[in-house]
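Since the structure comes first, as structure tokens, the remarks are kept for the end.
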2 protein chains.
Amino acid sequence: MAMGMVSIATWNINSVRLRADQVERFLRQEAPDVLCLQEIKTEEKHFPHAVFEAAGYAHRAVHGQKGYHGVATVSRIPLREVSRHDWQDNGEARHVGVELLGPGQGLIVENVYIPAGGDIPDREANPKFGQKLDFLGRMTRWAEALDRPTLIVGDFNIAPLDCDVYDHKALLKVVSHTPIEVETLGQFRDAHGWVDLGRQFIPAPQRNYSWWSYRSYWRDKDQGRRLDHMWASPDVATQARGHRIVEETRKWDQPSDHVPLITEFDL
Amino acid sequence: MAMGMVSIATWNINSVRLRADQVERFLRQEAPDVLCLQEIKTEEKHFPHAVFEAAGYAHRAVHGQKGYHGVATVSRIPLREVSRHDWQDNGEARHVGVELLGPGQGLIVENVYIPAGGDIPDREANPKFGQKLDFLGRMTRWAEALDRPTLIVGDFNIAPLDCDVYDHKALLKVVSHTPIEVETLGQFRDAHGWVDLGRQFIPAPQRNYSWWSYRSYWRDKDQGRRLDHMWASPDVATQARGHRIVEETRKWDQPSDHVPLITEFDL
DNA sequence: GTATCTCCGG
DNA sequence: CCGGAGATAC
């Protein structure tokens with residue numbers, strides 16, 4: 001792998017068209033080399049390519065669809081799109097994988113948007129919940145076979161640790177923090193030995209939220225959850241040099257319900 | 001009638017909630033005594049009363065409905081709501097009549113939003129077109145009986161003169177400028193001897209548009225139409241002292257497709 | 001609460 | 001092209 005510092009960010013933007021200005025502001029301010037976006041909510045033909053081009057992000061892998069979901073990885077350094085997994089087998093655009101070609105040469109960056117899973121944490125009563133667990137199961141079998149230095153980032157829609165939510169006990173029955181989800185995510189982690197960079201740099205039980213409901217009741221009380229993650233292969237994890245959450249985007253006008261994460265690597 | 005200068009405005013605002021800021025700006029800038037709004041697109045319970053109250057327009061007659069149509073007359077001088085005609089007999093909120101109580105005492109101000117009439121100018125093929133003509137017919141029979149000094153203003157959705165559209169010949173088959181509409185509006189005019197103040201002050205064939213389609217194709221070419229009108233009883237017309245179109249609102253952010261008209265009266 | 005869609009209406 | 005609506009999703 002080529003030498004040099006490479007910074008990689010992830011952000012569930014909740015409509016990239018509506019927040020193109022905010023993405024631009026983030027890129028200007030934080031200047032990550034690579035940005036992985038989730039919930040772009042647009043087909044590629046309406047992706048605001050010009051905004052990224054003007055900001056210097058000439059390399060883009062956009063996997064979009066109409067209205068919902070959709071992911072995009074944009075980069076200042078050359079990249080090659082290498083995969084678009086459909087772990088749900090339903091045509092939803094929830095993943096794009098790229099390989100870095102310039103600095104960081106050879107690193108695989110997997111950008112994923114795991115399904116939210118509906119409201120009721122029960123496979124029978126709520127098919128979406130089962131689909132979420134199945135999605136993770138397929139990711140797990142996929143991860144077992146990985147043999148290249150990889151970073152997987154995105155909106156996992158699960159807060160795994162007790163301290164990843166504002167009230168562990170209250171959220172045990174709330175989708176995103178149920179024991180079965182945490183357990184299933186743990187199996188995914190173990191399948192490759194993924195290292196949770198968020199907690200490597202901001203150890204539990206420190207506050208480390210990445211998402212707040214839009215409803216003012218929870219937002220005003222800082223009742224957040226850590227749903228967004230950056231996980232690295234064991235080898236790649238040793239190259240991570242810094243990690244932060246850019247929480248100030250919450251104060252911008254009409255913000256996303258998620259905030260960006262950034263990790264720096266010495267690759 | 002009491003003595004004094006009274007200015008009265010009309011504006012199809014195309015959602016008063018979305019453009020409450022623009023209405024406020026207009027009121028601050030032009031300070032009409034009375035403003036008649038059409039297409040407020042809200043029920044009265046969601047009408048932005050506070051904005052008008054703060055701007056000094058303490059007297060309001062709001063005839064709204066959910067989602068579509070709706071008219072409101074707001075005023076710095078006291079008024080009394082005197083009528084809500086349903087000339088289409090279908091429950092749509094397209095009219096409110098008030099009587100001025102302070103300066104201009106006794107003047108009746110009728111605020112009306114005549115139906116657009118659909119796309120096809122044919123009673124059979126397009127019931128909306130017939131409804132528009134019927135609406136005018138009922139207004140005509142109503143106007144025959146009027147015996148008080150009256151001003152009728154609003155979005156008539158008809159451009160009566162050849163010079164009221166950017167291309168008379170091309171629009172002869174376009175709803176808003178068809179001969180049958182112009183003829184039917186003429187009958188309404190004659191039923192009371194209404195004086196078209198727009199053309200009293202800006203004589204034909206001067207450019208005198210009040211509406212431009214949102215479609216950029218027409219807007220960019222200044223292909224407008226005069227759909228908004230202020231018509232006075234013969235006696236009231238002699239008291240009109242000035243009239244203008246406030247076309248600059250088109251340059252504001254996210255403007256209405258209509259611009260306001262203002263007439264000053266020495267009442 | 002925010003944002004998408006499709007449909008209706010202009 | 002721009003509003004509102006209701007439905008759907010997070």
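Source: prediction; values computed, not measured. Only this structure's heavy atoms are used, side chains among them; waters, hydrogens and symmetry mates stay out. A note on names: the letters A, B, ... follow the listed sequences, proteins ahead of strands, and every chain is numbered from 1.
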Working for side-chain contact (heavy atoms from CB on, under 4.5 Å), residues B/Arg207 and B/Glu247: CA-CA 12 Å; B/Arg207 177 182 175 286; B/Glu247 198 175 326; 2.9 Å; yes
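- Between the side chains of B/Thr73 and B/Arg60, not a single donor N or O lies within less than 3.5 Å of an accepting N or O.
- The stretch residues 18-25 of chain B comes close to DNA chain D through B/Leu18, B/Arg19, each having a heavy atom under 4.0 Å from the strand.
- Defined by atom type and a distance below 3.5 Å, a donor-acceptor pair is missing between the side-chain atoms of B/Thr184 and B/Gln187.
- Taking every nucleotide of DNA chain C with any atom under 4.0 Å from a non-hydrogen atom of chain B, the first and last of them, 5' to 3', are C/dC8 to C/dG10.
- Within the structure, a side-chain polar atom (N or O) of B/Arg219 is placed less than 4.0 Å from OP1 or OP2 of D/dC2.
- For A/Val51, the side-chain contact (heavy atoms from CB on, under 4.5 Å) criterion is met by A/Ala20, A/Glu24, A/Pro48, not counting sequence neighbours.
- For A/Ser256 (side chain) and A/Asn12 (main-chain N/O), a donor-acceptor pair under 3.5 Å exists by modelled atom type.
- Side-chain N/O atoms of B/Lys132 and B/Asn157 include no donor and acceptor closer than 3.5 Å.
- Under the side-chain contact (heavy atoms from CB on, under 4.5 Å) criterion, A/Lys251 pairs with A/Glu248, sequence neighbours left out.
- When the P atom of D/dG3 is taken as reference, atom CH2 of B/Trp11 falls 13 Å away, rounded to whole Å.
- Checked by atom type, the side-chain pair A/His258/A/Trp11 shows no donor-acceptor distance below 3.5 Å.
- Side-chain polar atoms of B/Asp222 and B/Trp212 form a donor-acceptor pair below 3.5 angstrom.
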N/O donor to acceptor pairs below 3.5 angstrom from side-chain atoms of residues 113-122 of chain B, sequence neighbours left out:
{"residue": "B/Tyr113", "atom": "OH", "partner": "B/Glu39", "partner atom": "OE2", "Å": "3.2"}
{"residue": "B/Asp122", "atom": "OD1", "partner": "B/Glu124", "partner atom": "N", "Å": "2.7"}
{"residue": "B/Asp122", "atom": "OD1", "partner": "B/Ala125", "partner atom": "N", "Å": "2.8"}

Contacts under 3.5 Å, N or O only, protein and nucleotides 6-10 of chain D:
{"residue": "D/dT8", "atom": "O2", "partner": "A/Tyr68", "partner atom": "OH", "Å": "3.4"}

